[in-house]
2 protein chains.
Amino acid sequence: MSTQSSDKRTLLVETALDLFYRQGIHAVGINEVLKVSGVAKKTLYNHFSSKEALIVATVEQRDQRFQAWLTKRLAKVAAGRATIEAIFIAVDDWINERDPALGPFRGCFFINTSAEYSEDSCEIFQCCQRHKQSIRGVLYQHALVALGEEAAAQRLADSLVLLKEGAIVAGHLMGDKQAAVKARETARRLMGLG
Amino acid sequence: MSTQSSDKRTLLVETALDLFYRQGIHAVGINEVLKVSGVAKKTLYNHFSSKEALIVATVEQRDQRFQAWLTKRLAKVAAGRATIEAIFIAVDDWINERDPALGPFRGCFFINTSAEYSEDSCEIFQCCQRHKQSIRGVLYQHALVALGEEAAAQRLADSLVLLKEGAIVAGHLMGDKQAAVKARETARRLMGLG
DNA sequence: TATAAGGTAGACCGATCTGTCTATTTATGT
DNA sequence: ACATAAATAGACAGATCGGTCTACCTTATA
């Protein structure tokens, strides 16, 4: 009974995420999501109380997909410096669309979304914040393995966050498809590789 | 004759820029710009052929304001490394709203705008791209003074771009008000300051 | 096979959007 | 002072927005 129901829900979220990521959120109306997904309007409002609820679901979906993708990419890599480098390699593949898992590259969905919903009290914005904090957690974890000391690992994680976010922005807005490669090289210098 | 006219135009652009930056572009209607500025609708469409033309004007205005602000901040600083550090200090003041010239901090207007208009062929997007390239030019210029060698200066400029964009994103989306300080410290390490 | 839940198609509502147009007033330059 | 140009207020048009609702259909299970 819930297979049909949850299938529709998933289809709506996936369709909305795809359209929102490509065109921005305000630029995509509910009716377009319905048309592309082939789902009836009543069904949408049966699953979601409003467009905002659908948006929150797409942000959470993107977070899950991104983290699952990253986890898989890092699965066979040794913890610490090797994983940190692998993260930048993964971002490079994303920017250059060599990995179909994340779809086309249109910058960071969370950055894009928080550009449209930047009230601190807004749930959508807070979802974006949580995602970024979560990624920072991964970086810190491996920085700690690499350096062994907490304060230094925090500083390294901070730097790596800047490089990763900067690479995504440069890859999108400046069209620099080498941005993640440069970020990786910079990260290596910071981690003390001559 | 053109004082009245250009005053109205300027007022429209300043008002629109303020509203767009605070709330996003699609979220702000023409009527709101008119209401806040107190200008008549016909006057707006006398100066701009469409909302898109107004948006382009706001992006160009922001570019000019940002560059003028940065130029002033760097005026009395020695070229090279000192200026590079001063850029990060300026960004820090911006993030923490210690400098009224740029208004409240809501992330980077160009990043935010290109999140809503990310078609490569879109004029709005291209304006945002030009701004970023221009800033990179400033960084490269001073990297060259600092290092004296072109290839190395290009690499340094690339790294500095990542740190600067990363700091703006982290300052906004992660709420890390120390992001630019961390970026500056990272930049110092890259420039070889023990 | 009867029941109930969920999906479909789309009309409909009120609000809002961009953009046009009219009619009137204000300001500028000669 | 007069002519020209520009600004004003706001009605209006046509489209689209998010969201509600009705009426019918499909499907799974007891």
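Every chain is numbered from 1, with letters handed out A, B, ... down the list of sequences.
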Geometric class of the A/Phe109/A/Tyr21 ring pair [parallel <30°, tilted 30-60°, perpendicular >60°]: perpendicular
Given [options], which nucleotide is nearest the side-chain atoms of [X]?
| X | options | result |
| --- | --- | --- |
| B/Tyr45 | C/dT8, C/dT18, D/dG18 | C/dT18 |
| A/Lys42 | C/dT8, D/dG19, D/dT8 | C/dT8 |
| B/Lys8 | C/dG7, D/dT8, C/dT18 | D/dT8 |
| A/Lys41 | D/dT8, D/dT20, C/dT8 | D/dT20 |
| A/Val39 | C/dT18, C/dT8, D/dT8 | C/dT8 |

In whole Å, I'd like the distance from the [atom1] atom of [X] to the [atom2] atom of [N].
| X | N | atom1 | atom2 | result |
| --- | --- | --- | --- | --- |
| A/Leu44 | C/dT8 | CG | P | 11 Å |
| B/Leu19 | C/dC17 | CG | P | 12 Å |
| B/Ile25 | C/dC17 | CD1 | C1' | 16 Å |
| A/Ile30 | C/dT16 | CD1 | C1' | 16 Å |
| B/Asp7 | C/dT26 | CG | P | 19 Å |
| B/Arg9 | D/dA6 | CZ | C1' | 15 Å |
| A/Lys35 | D/dT16 | NZ | C1' | 13 Å |
| B/Leu11 | D/dT8 | CG | P | 9 Å |

- request: Taking the side chain as every heavy atom from C-beta outward, state whether B/Leu144 and B/Leu156 have any atom pair closer than 4.5 Å.
  value: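 With C-beta onward as the side chain, the pair stays apart.
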- request: Taking the side chain as every heavy atom from C-beta outward, state whether B/Ile87 and B/Leu160 have any atom pair closer than 4.5 Å.
  value: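 No, their side chains stay 4.5 Å or more apart.
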query: Are more than 12 heavy atoms from other residues, nucleotides or ligands located less than 6.0 Å from atom CD of B/Glu150?
result: no
- prompt: Do other residues, nucleotides or ligands put more than 12 heavy atoms under 6.0 Å from the CD atom of A/Glu32?
  reply: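 Result for CD/A/Glu32: enclosed.
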Can you see if the side chain of [X] gets near the phosphate of [N] - specifically, an N or O under 4.0 Å from OP1 or OP2?
| X | N | answer |
| --- | --- | --- |
| B/His47 | D/dA6 | no |
| A/Ser50 | D/dG18 | no |
| A/His26 | C/dC17 | no |

- request: Have a look at A/Asn46 and say if it touches a base, only the backbone sugar-phosphate, or nothing, with a 4.0 Å heavy-atom cut-off.
  value: sugar-phosphate
